[in-house]
Amino acid sequence: MSRSMPVVWSPETRRHDPRHEVWVGVATPATEVAERVDAILSAVGGRELVEAEPHGVEALRSVHDPALLDFLATAHERWRAGEYAELVGQDRVTPYVFPTPAMTAGMPTRLPAALHGLAGVFGYDTMTLVGPGTWQAAVAAADCALTAVSLVKAGVPAAYALSRPPGHHATPAGYGGSCYLNNAALAAQALRDAGHDRVAVLDLDAHHGNGTQAIFWQRPDVLYGSLHVDPAAGWFPHVVGHPEETGGAAGAGATRNRPLPEGTGDDDWLAEVTDLVDWVDAAGCDALVVSLGVDAAAEDPESPLQVTAGGYADAGRLVGGLRLPSVVVQEGGYHLPSLGGLVAAYLDAHDAAAAVR
Ligand code: SP5
Ligand code: ZN
């Protein structure tokens, strides 16, 4: 059997074009672009390519509320039918009101009748727009992760899902942070359903994966560990991702956050990767999902971390050394010239470490 991870991808993932993101009130060019898919594909060329198989919308209910799925599946068509493009001059579904507790103040509320009101019930930021192919691409990204699980179920030691749009900021009932469906959480749940008793999600993206943490917050059977730029220093997702968050109820102790200061480079980043890997090892997990964001790289415009390609290779060596059945899911990473090389550096080292006997 080949010792290098197959790459699961889908041409459908290119259909999402956010075009722009509204950040602190200003529309700026999108960073989570379709060209990311091709940048990664061209760098992992030596590997077996597998096209994602459709798993159906029902499979998405294993981690998401039906209301979110219904909204995402229909929102763009409704926006088009609502003639927003003519009325406001742009065709992407964009929220403008957010019914946070500051607004609702404990009162009974109704779901907004207007789509531009409803968008803020499910979308929790202004950076994550829904366009004509967004739903199809998000479903394809989820199918990449679920197909990677199928390969692992069939005996492949590890598989890489070239999921795009990314997923780790998507919560049970919310989308945000350029994420619509939580691909990594779907993979973790599918590994549980395949009979693995305890699954770890190790999140290497530069940002805290608040969605994945939320989905498994009260569960002891799926661990969530993340290292990321410190939300307490002013970074997205701002309100969670702190070290005191260790899980609720039956999930107490199954969440671990390692926030890092701006400017953190390889040595300090890898010390925390080692800490998380040791934690997963000690917990007796029997399968692994890696949320592989490469936006912690020094070149990346979206985070102030300073990890090198050598750092990502070292992370791959540490994580691959766990020798667990693994599904590696793409998350962030936005510097098109270096993106593919960073992913390849991680995958090559993970494969090499997992192959050592
Ligand atoms: C999956 C992932 O990495 N999501 C990143 C979400 C955090 N985005 C924060 C964006 C902050 C402002 N970016 C300004 C971009 C200017 N075009
Ligand atoms: Zn990120």
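Just so you know, ligand 1 is whichever comes first in the structure, and atom 1 is the first atom listed for that ligand. Because only heavy atoms are used, hydrogens play no part in the values below, and waters and symmetry mates are left out as well, while side chains stay in.
What sits closest to atom 7 (C) of ligand 1 on the protein, heavy atoms only, is Phe236 CD2, 3.4 Å. In terms of protein heavy-atom proximity, atom 8 (N) of ligand 1 is nearest to Met127 CE, 3.9 Å. Nearest protein neighbour of atom 16 (C) of ligand 1, counting heavy atoms only, is Thr28 OG1, 3.5 Å. Protein heavy atom nearest atom 4 (N) of ligand 1, with residue, atom name and distance: Gly177 O, 3.0 Å. Nearest non-hydrogen protein atom to atom 11 (C) of ligand 1 is Trp23 NE1, 3.5 Å. Protein heavy atom at the shortest distance from atom 13 (N) of ligand 1 is Glu302 OE1, 3.1 Å.
Of the N and O atoms on the side chains of Asp300 and Ser303, not one donor lies less than 3.5 Å from an acceptor on the other residue. For His208 and Asn257, the side-chain atoms include at least one donor-acceptor pair closer than 3.5 Å. A donor-acceptor pair shorter than 3.5 Å cannot be found between the side chains of Tyr160 and Asp351. Side chains of Asp193 and Ser62: a donor-acceptor N/O pair is absent below 3.5 angstrom, by distance only. A donor-acceptor pair shorter than 3.5 Å cannot be found between the side chains of Glu53 and Thr147. Checked by atom type, the side-chain pair Thr134/His16 shows a donor-acceptor distance below 3.5 Å. Under 3.5 Å, the side chains of Asp203 and His228 contain no donor-acceptor pair of N or O atoms. Counting only N and O atoms by type, the side chains of Gln90 and Tyr84 include no donor and acceptor under 3.5 Å apart. Glu262 and Trp235 are linked by a side-chain donor-acceptor pair at a separation below 3.5 angstrom, with hydrogens and angles left out of the test.
Two rings, from Phe236 and Trp23, have their centers 6.0 Å or more apart.
In terms of polar-atom proximity, defined here as any N/O pair under 3.5 Å, Thr31 makes no such contact with ligand 1. Between Ser178 and ligand 1, a contact under 3.5 Å exists for no N or O pair.
For Glu302, every N, O or S atom stays at 2.8 Å or more from the Zn ion (ligand 2).
Aromatic ring orientation, Phe71 versus Tyr175: parallel (interplanar angle below 30°, classes split at 30° and 60°).
The closest approach between Glu21 and ligand 1 falls below 4.0 Å for a heavy atom of the residue. Judged by the shortest distance from any of its heavy atoms, Gly293 lies outside the 4.0 Å radius around the atoms of ligand 1. Ligand 1 lies nowhere less than 4.0 angstrom from a heavy atom belonging to Glu331.
Nearest N/O/S atom of Asp205 relative to the Zn ion (ligand 2): this is OD1. Taking the N/O/S atoms of Asp295 in turn, the shortest distance to the Zn ion (ligand 2) belongs to OD2. Among heteroatoms of the N, O or S kind in His207, ND1 lies nearest the Zn ion (ligand 2).
Here Arg80 does not pair with Asp91 in a salt bridge; the nearest charged N to carboxylate O distance is not below 4.0 Å. Electrostatic pairing of Asp221 and Arg219 counts as a salt bridge here, judged by a charged N lying under 4.0 Å from a carboxylate O.
Against a heavy-atom cut-off of under 4.0 Å, Pro29 is close to the following atoms of ligand 1: 17 (N). In the vicinity of Asp205, heavy-atom distances shorter than 4.0 Å reach the ligand 1 atoms 3 (O). Listed by atom number, the atoms of ligand 1 under 4.0 Å from Asp295 heavy atoms are 3 (O). Close contacts between ligand 1 and Tyr334 involve ligand atoms 1 (C), 2 (C), 3 (O), 4 (N), 5 (C) [criterion: under 4.0 Å to a heavy atom]. Numbered from 1 in the order shown, with element, the atoms of ligand 1 that lie under 4.0 Å from a heavy atom of Pro166 read 1 (C). Applying the 4.0 Å criterion to heavy atoms of His168 picks out, from ligand 1, the atoms 1 (C).
With a 4.0 Å heavy-atom cut-off, ligand 1 is reached by the side chain of His207 but not by its N, CA, C or O. Residue Pro301 does not touch ligand 1, judged by heavy-atom distances below 4.0 Å.
Residue Arg164 holds its CZ atom at 12.0 Å from CZ of Arg15, rounded to the nearest 0.5 Å.
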